[in-house]
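In the text below, chain A, chain B and the rest are named by the order of the sequence lines, each starting its count at 1.
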Amino acid sequence: MLVATWNINSIRARVDRATAFLERTGVDVLALQETKCKDEQFPAAAFESLGYEVAHVGHSQWNGVAIVSRVGIADVEVGFPDMPTWGDPPAAEARAIGATCGGVRVWSLYIPNGREIGDPHFTYKLDWLARLRDAASGWLAADPAAQVALVGDWNVAPLDSDVWDPAFFAGRTHVTPAEREAFAGIAEAGYTEVSRVHLPAEHTYTYWDYQQLRFPKNMGMRIDLTYASPALAERVTGVTIERNERKGKTPSDHVPVVLEIEAR
DNA sequence: ATGGCTCTGCTACAGAGA
């Protein structure tokens, strides 16, 4: 089974890319982030005509996460337990959706950006990751053999070698010790970040800014990552970063990351 | 690939992204 994650940066602007990607790769489960639309605006028919089912949550032009699956999509859950809220009045944002697909509990996650160090959004980001750690820890406590994939845009570069120039990021978000510790909390809860296990090379990126010719110069970041529960991690036989999806006309600034999972 | 940002709502620009 193939499970992929992709920050698509508007599903309406790139639905043709997404469907072409599914047809080309045969991915069974695709987790999307930054769909940037409301539920009724999501182009579900384009996926359904290819034999996929869709679960989506989106409230506005911001955020939005989805799971697209051709191996079932059961027990859809919008948001995880005790997920932090944002705004005034406080409300749950469309940043997490879970579903059981082909026997794997897949979570499509869009971790808050944080904006600037010290910004309330930065505190929100750290809190969001801490609550996710607690939820993920609970899932393993309830079932140590759980098949759980936490995939998405984490907005954290765990290592200095995950960004094109650590000096550029000094004083910026995504690389601070606080963010990296919050990200590591998921590992401390028992999960393995499987993309690095299979793709350990430094300067392996999943995102390149649209500005300043960052992609042709390969000045990117590795922020689209996958935590797998112990029982799932041992079934992951390979990971692929679909770098070519950053090329061509109107790409997303992120590319898909594909996990190959062996059958049980 | 041969270039120096893009999406949304809205219709002028502002907010957000990272």
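Both tests hold for A:Arg214 against A:Phe168: distance to the six-membered ring centre under 6.0 Å, angle to the ring axis within 45°.
B:dC7 and B:dA18 are spaced 14 Å apart, taking the P atom of each and rounding to whole Å. Comparing B:dG4 with B:dT8, their C1' atoms sit 23 Å apart, to the nearest whole Å.
For B:dT8, the OP1/OP2 oxygens have no side-chain nitrogen or oxygen of A:Asn9 closer than 4.0 Å.
Taking atom OH on A:Tyr110 and atom P on B:dT8, their separation rounds to 14 Å, with Å as the unit. In this structure, the CG atom of A:Leu213 is 6 Å from the P atom of B:dG4, given to the nearest Å. Rounded to an integer number of Å, the gap from A:Tyr207 OH to B:dT6 P is 12 Å. With rounding to whole Å, A:His254 atom NE2 is found 13 Å from B:dC7 atom P. The separation between A:Asn7 atom CG and B:dC5 atom C1' is 15 Å, rounded to whole Å.
Using a 4.0 Å heavy-atom cutoff across all strands shown, A:Arg115 reaches sugar-phosphate atoms only and no base atom. Note on A:Lys217: a base of the nucleic acid sits closer than 4.0 angstrom, heavy atoms only. Within the 4.0 angstrom heavy-atom criterion, no nucleotide atom of any strand lies near A:Glu116.
Residues A:Gln211 and A:Asn63 each lie close to DNA chain B; by heavy-atom proximity, the contact nearer the 5' end of the strand is made by A:Gln211.
For the side chain to side chain donor-acceptor pair (under 3.5 Å) condition, no pair includes a residue of residues 126-138 of chain A, sequence neighbours left out.
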